[in-house]
Amino acid sequence: MRGAVLVLLASFLSISLGHEELVHTIQLTSENFSKEIKESNYFVMFFAPWCGHCKRLAPTWEQLAEMLNTKEGSRVKIGKVDCTEEDSVCSAHEVTGYPTLKFFKLGEAESTKFRGTRDLPTLTTFINEQLGETEEKETEDEKPEVPEAVQGLQELTDETFGKFVANGKHFVKFYAPWCGHCQKLAPTWNDLAKALEHEKAVSISKLDCTQYRPICQDFEVKGYPSLLWIEDGKKVEKYSGGRSLDDLKAYVDKMVGKEAKPAEKTQEDSKEDSPQVALQLTADTFDHAIETGVTFVKFFAPWCGHCKRLAPTWEELAVKFVGNGNVKIAKVDCTVAENKELCSLQDVDGFPTLHLYKKGAKLEEYNGSRTLDALYDFVAKHDKGHDEL
């Protein structure tokens, strides 16, 4: 019994000491948070006491607080929020991981998330940047410049990432060297960077998540490779289309607002211009359309190269089933705002995705050959015997 009490006492003391370590850091709560950030610039650490990364950062954060919270005339205060006690504050500021470091600039509604390495020089540099106090005496050689891109491809690190993506549009590959899909994509990604080497509207880069895990965690990278479109330091979306060079270039063109170059019409283009037989479904019409019979649905994006190549075959498939009241060949454009949630609910994570439904239930995702005969045989197999009892 006595041993158990001693263990509990030791645990209590260690926890207490953990809180007491940050004596110069201002404790922010739901009661004082709004008032404090309206009166001063604030750099805030949102943390959980059990978080290992938070514990490792604590001494540095306290050193930063000692430097700035005790300095006469300091333009910024260093604070902390314990998210296990102040969940309403952390939720309001979209804290999803620990520690999350945010700078609240006086008079501005939006905060700025810190994404660099968590050492004292980098943290102080970030504060100076937010306050507009970058030192003019710093020479070009002393600045942590991003290395020159190699044939258009920029290799980022924890020291260069934040500064590099802070402004402009960026297409970034988050990868792991051991990942087979990453290795397969690597030559195509290099080709994409080379093709866009002189394109000023966007940069093509990559980051090794096995070396710079905190950055990948900040951007919610949960699998490799993850291809993220980032604008002015913020993730816009995760790319989930085809991974051919044409697919990737088409996506970049779409995101930078480029119009597709007019070209001479091919035989496939002519087929695209022919009357559309496949049913065009939306979020409003989808459930009703699939509730009876067999419905074969193509989920697509107009900019996707594989989708474009499949389009004429899909229309031919629809023609083959004209007159068959039990079979519908349909399509859903996942780039239309009203359809995005539908595509997500139907587990569409790449384009084109082909799902077959029977009497309202999803039976199977088609992953076979995309020839007309193969597609027809697949549908016919599920339609066979639909009148049988």
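Computed from a prediction, not measured in an experiment: that's the story for all the values here.
With 3.5 Å as the limit, one finds a donor-acceptor pair spanning the side chains of Asp383 and Asn326. Between the side chains of Glu231 and Trp229, at least one donor-acceptor pair of N or O atoms lies under 3.5 Å. In the model, Lys362 has no side-chain atom that pairs as donor or acceptor with a side-chain atom of Gln346 under 3.5 Å. With hydrogens and angles left out, the side-chain atoms of Thr29 and Glu86 include no donor and acceptor closer than 3.5 Å. A donor atom on one side chain and an acceptor atom on the other are not found under 3.5 Å apart for Asp284 and Thr282. His170 and Gln154 share no donor-acceptor pair across their side chains, judged by distance under 3.5 Å alone. Side-chain atoms of Asp333 and Asn339 include no donor-acceptor pair closer than 3.5 Å. Under the 3.5 Å distance criterion, with hydrogens and angles disregarded, no donor-acceptor pair is assigned to the side chains of Asn128 and Thr125. For the residue pair Asp247 and Ser244, a side-chain donor N or O sits within less than 3.5 Å of a side-chain acceptor on the partner.
The two residues Gln27 and Lys80 come nearest to each other via the heavy atoms OE1-CE, 2.8 Å. The shortest non-hydrogen separation linking Leu248 to Gly242 is CD2-O, 4.2 Å. Between Val221 and Leu228 the shortest heavy-atom distance is CG2-CD1, 4.3 Å.
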Derivation of the side-chain contact (heavy atoms from CB on, under 4.5 Å) call for Phe104 and Asn41: CA-CA 6 Å; Phe104 295 84; Asn41 297 300; over 6 Å; no

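No donor-acceptor pair closer than 3.5 Å links the side chain of Thr122 to the backbone N or O of Arg118.
Ring geometry for Phe299 against His355 counts as perpendicular: the plane angle is over 60°, on a 0 to 90° scale with 30° as the lower cut. Using the six-membered ring where Trp is involved, Tyr98 and Trp50 have ring planes that are perpendicular, over 60° apart on the 30 and 60° scheme. A tilted orientation is assigned to the rings of Tyr239 and Tyr251, their planes being inclined by 30° to 60°. Using a 30° and 60° split on the angle between ring planes, Phe114 and Phe126 fall in the perpendicular class, above 60°.
A salt bridge links Glu39 with Lys35: the distance from a Lys NZ or Arg NE/NH1/NH2 to an Asp or Glu carboxylate oxygen falls below 4.0 Å. Ion pair Glu220/Lys235 flagged as a salt bridge, since at least one NZ, NE, NH1 or NH2 atom sits closer than 4.0 Å to an Asp/Glu carboxylate oxygen. A salt bridge does not link Glu291 to Lys359: none of the charged side-chain nitrogens sits closer than 4.0 Å to a carboxylate oxygen.
When ring centroids are compared, Tyr376 and Phe321 come within the 6.0 Å threshold.
Summarising the geometry, atom CZ belonging to Phe46 is positioned 11.0 Å from atom OG belonging to Ser91; distances are rounded to the nearest 0.5 Å.
The cationic atom of Lys298 (NZ for Lys, CZ for Arg) lies less than 6.0 Å from the six-membered ring centre of Phe300 and within 45° of the ring axis.
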